[in-house]
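Structure, as structure tokens:
Note that the structure is a prediction, hence the values are computed from the model and not measured. Naming convention: chains lettered A, B, ... in sequence-line order (proteins, then strands); numbering from 1 in each chain.
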Number of protein chains: 2
Amino acid sequence: MAKTSTRKLPPGRLKIARALKTLLGKKDFNSITTAEIAKTAGVTEGLIYKYFNDKRDLLFKVLLELFEQFLLQMEKDLKGVEGALNKLRSIIQSTLFWYDQQRVFTRILLVEVRNSPDFFKSDAYQQCVRDYSKIIMDIIHEGIDLDEIRKDIKPSVIRQVIQGSVEHVCLPAIIFNREIAVETATEDLCCTIFFGIQR
Amino acid sequence: MAKTSTRKLPPGRLKIARALKTLLGKKDFNSITTAEIAKTAGVTEGLIYKYFNDKRDLLFKVLLELFEQFLLQMEKDLKGVEGALNKLRSIIQSTLFWYDQQRVFTRILLVEVRNSPDFFKSDAYQQCVRDYSKIIMDIIHEGIDLDEIRKDIKPSVIRQVIQGSVEHVCLPAIIFNREIAVETATEDLCCTIFFGIQR
DNA sequence: CATATTAAGTAAGTGTCACTCACCCATTTC
DNA sequence: GAAATGGGTGAGTGACACTTACTTAATATG
């Protein structure tokens with residue numbers, strides 16, 4: 001398993017990653033300079049390019065690391081939950097909670113990486129994003145098999161609706177620095193997605 | 001009304017905007033240089049800054065122009081449609097169709113502008129994006145009043161689910177250059193959102 | 001145990017790019 | 001006919017992402 005361990009990595013690398021995370025709490029990625037990252041990390045600019053292909057690659061690696069933590073937490077939350085719909089609710093809640101707590105992670109994922117074509121070749125996308133989607137897909141299939149979820153909608157559409165809704169609820173909160181009302185948002189979303197909007 | 005008319009604008013300005021649109025068909029915004037834009041437009045680099053505050057502002061103005069066309073088309077499609085749910089279906093279909101046809105527009109809106117904080121101060125956001133949201137909100141309220149749509153879900157959540165779902169369906173198509181199956185996607189989305197996923 | 005090898009980290013660049021500034025040249029306006 | 005206005009130019013500049021050649025420290029090897 002290609003786990004990104006925190007151990008064994010050189011201190012400079014860790015300091016650089018930590019520096020970017022810190023800076024992303026204050027300003028957007030584009031207006032952060034490599035000089036600034038190096039200074040915050042307490043290393044020289046050149047060292048960044050020892051460990052990362054370029055500035056964006058550093059961003060992807062930071063996202064990867066945070067995403068792995070998120071997936072771990074999500075699967076922990078999922079343990080012991082019975083029923084496909086309950087599992088989907090659990091995922092929605094875990095996601096909203098994590099997005100609210102880990103603002104830097106969410107900002108990277110929802111706004112900073114989308115525009116780099118390279119992102120979709122990165123480990124963060126190829127491993128984590130796809131993993132996340134797959135977990136949801138598996139639950140949907142399970143729900144269909146066990147007659148909890150309608151058979152006449154394409155599972156992929158159900159997944160898109162769930163993921164799209166969650167992201168769209170969080171986006172304004174992330175951009176305008178508002179908090180996410182995790183509990184109520186979870187209920188609102190589940191209520192809407194599970195039962196539909198028609199009277 | 002602060003309409004962005006195509007008339008009366010100096011030819012250089014039009015050529016610059018057209019050049020960016022052309023280039024965005026081939027590569028992402030970040031890897032397009034101002035020199036390239038100027039060359040494609042057949043003007044000098046300096047002229048860009050006569051008409052636009054900076055490179056990103058040019059992007060926002062191009063988006064504004066395309067968005068206004070989209071809103072016009074959408075409202076035309078909406079004419080004569082009766083019933084809130086039918087109106088929502090019409091909007092979803094118009095959006096999917098436009099997103100599929102106007103790839104450059106969609107790429108700008110869904111992937112290129114999100115990461116600039118300035119975008120949310122731009123006319124494209126303040127006028128068009130909010131206008132689009134408002135049109136949907138009004139229909140939802142109408143649907144609730146006329147007992148077509150459930151009263152027990154917050155209208156804003158319904159809007160988020162609709163917009164989020166549509167965008168999430170289109171995003172992979174835009175990024176990986178796949179076509180959008182407008183008709184089937186419309187039905188799939190409406191079916192899911194109107195009636196829910198629960199058996 | 002000396003030496004070769006690799007890895008961590010540095011320091012001084014360099015080319016490119018977004019953006020600026022001073023300046024034309026043609027109309028229009030008074 | 002001078003002044004003002006608006007479209008357009010082209011040379012320049014600072015900042016920034018990234019490179020390259022080098023130093024030092026740790027590790028492995030004959």
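- Within 4.0 Å (heavy atoms only), A:I32 reaches sugar-phosphate atoms of the nucleic acid but no base atom.
- Regarding contacts with the backbone of D:dG8, a side-chain N or O of B:Y51 is found under 4.0 angstrom from either OP1 or OP2.
- Checked by atom type and distance alone, the side chain of B:T33 pairs as donor or acceptor with a backbone atom of B:E36 at under 3.5 Å.
- Between A:T34 and the phosphate of D:dA17, there is a side-chain N or O to OP1/OP2 separation shorter than 4.0 Å.
- No contact: A:F52 has no heavy atom under 4.0 Å from any strand.
- Between the side chain of A:K55 and the backbone N or O of A:I32, at least one donor-acceptor pair lies under 3.5 Å.
- If you check every strand for non-hydrogen atoms under 4.0 Å, B:T33 touches sugar and phosphate atoms only.
- Looking at B:K50, its side chain has no donor and acceptor atom pair within 3.5 Å of the base of D:dG7.
- Taking the ring centre of B:F60 as origin, the terminal cationic atom of B:K121 falls outside the region bounded by 6.0 Å and 45° from the ring axis.
- Rounded to a whole Å, the CD atom of B:E45 is 12 Å from the C1' atom of D:dT9.
- Using a 4.0 Å heavy-atom criterion, one finds that A:G12 contacts the sugar-phosphate atoms exclusively.
- Note on B:Y49: every side-chain N or O is 4.0 Å or more away from OP1 and OP2 of D:dG8.
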